[in-house]
Amino acid sequence: MSYRVIDHIHGYKQKRFSTLYEAMNTAFQVARMQTIFADKRIHLSVMDGRRQTIEISVKQREGER
């Protein structure tokens, strides 16, 4: 079975991974990097074929200063 990581906002598709753990680890690394560089929305999926296994979706709001 193979897994893919897809970034729905930026159109980023990561190569196939043989385990769910590798795909999840990569998805969280991509989400962390996007958070560091202050993107306002994060929407990632770990796909198992055509089925979505995990979804990471964050909508960040900047606080008023």
Asks: Tell me yes or no: between the side chains of Glu22 and Ser18, is some donor less than 3.5 Å from an acceptor?
Replies: yes
Asks: At what distance, to the nearest 0.5 angstrom, does CZ of Arg41 lie from OG of Ser57?
Replies: 6.5 Å
Asks: What about Val30 and Phe28, same hydrophobic cluster or not, with Ile/Leu/Val/Met/Phe/Trp/Tyr joined at side-chain heavy-atom distances under 4.5 Å?
Replies: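 Yes.
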Asks: Can you tell me how far apart CZ (Arg32) and CD1 (Ile42) are? Round to the nearest 0.5 Å.
Replies: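 If we round to the nearest 0.5 Å, Arg32:CZ and Ile42:CD1 are 11.0 Å apart.
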Asks: Given the rule that I, L, V, M, F, W and Y join up when any side-chain heavy atoms are under 4.5 Å apart, are Ile54 and Tyr3 in one cluster?
Replies: yes
Asks: Test your reading of the model: is there a side-chain donor-acceptor pair from Arg4 to the backbone of Gly49, 3.5 Å cut-off?
Replies: yes
Asks: So Glu55 and His43, do their side chains get closer than 4.5 Å, heavy atoms only?
Replies: yes
Asks: Using the rule that Ile, Leu, Val, Met, Phe, Trp and Tyr join whenever any side-chain heavy atoms are under 4.5 Å apart, tell me whether Leu44 and Val58 fall into a single cluster.
Replies: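 Both belong to a single hydrophobic cluster.
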Asks: Which heavy-atom pair separates Val46 from Ala27 by the least distance, and what is that distance?
Replies: CG2-CB, 3.9 Å
Asks: For residues Ala31 and Ile56, report the shortest heavy-atom separation together with the two atoms involved.
Replies: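 In this case the closest contact between Ala31 and Ile56 is CB-CG2, 4.4 Å.
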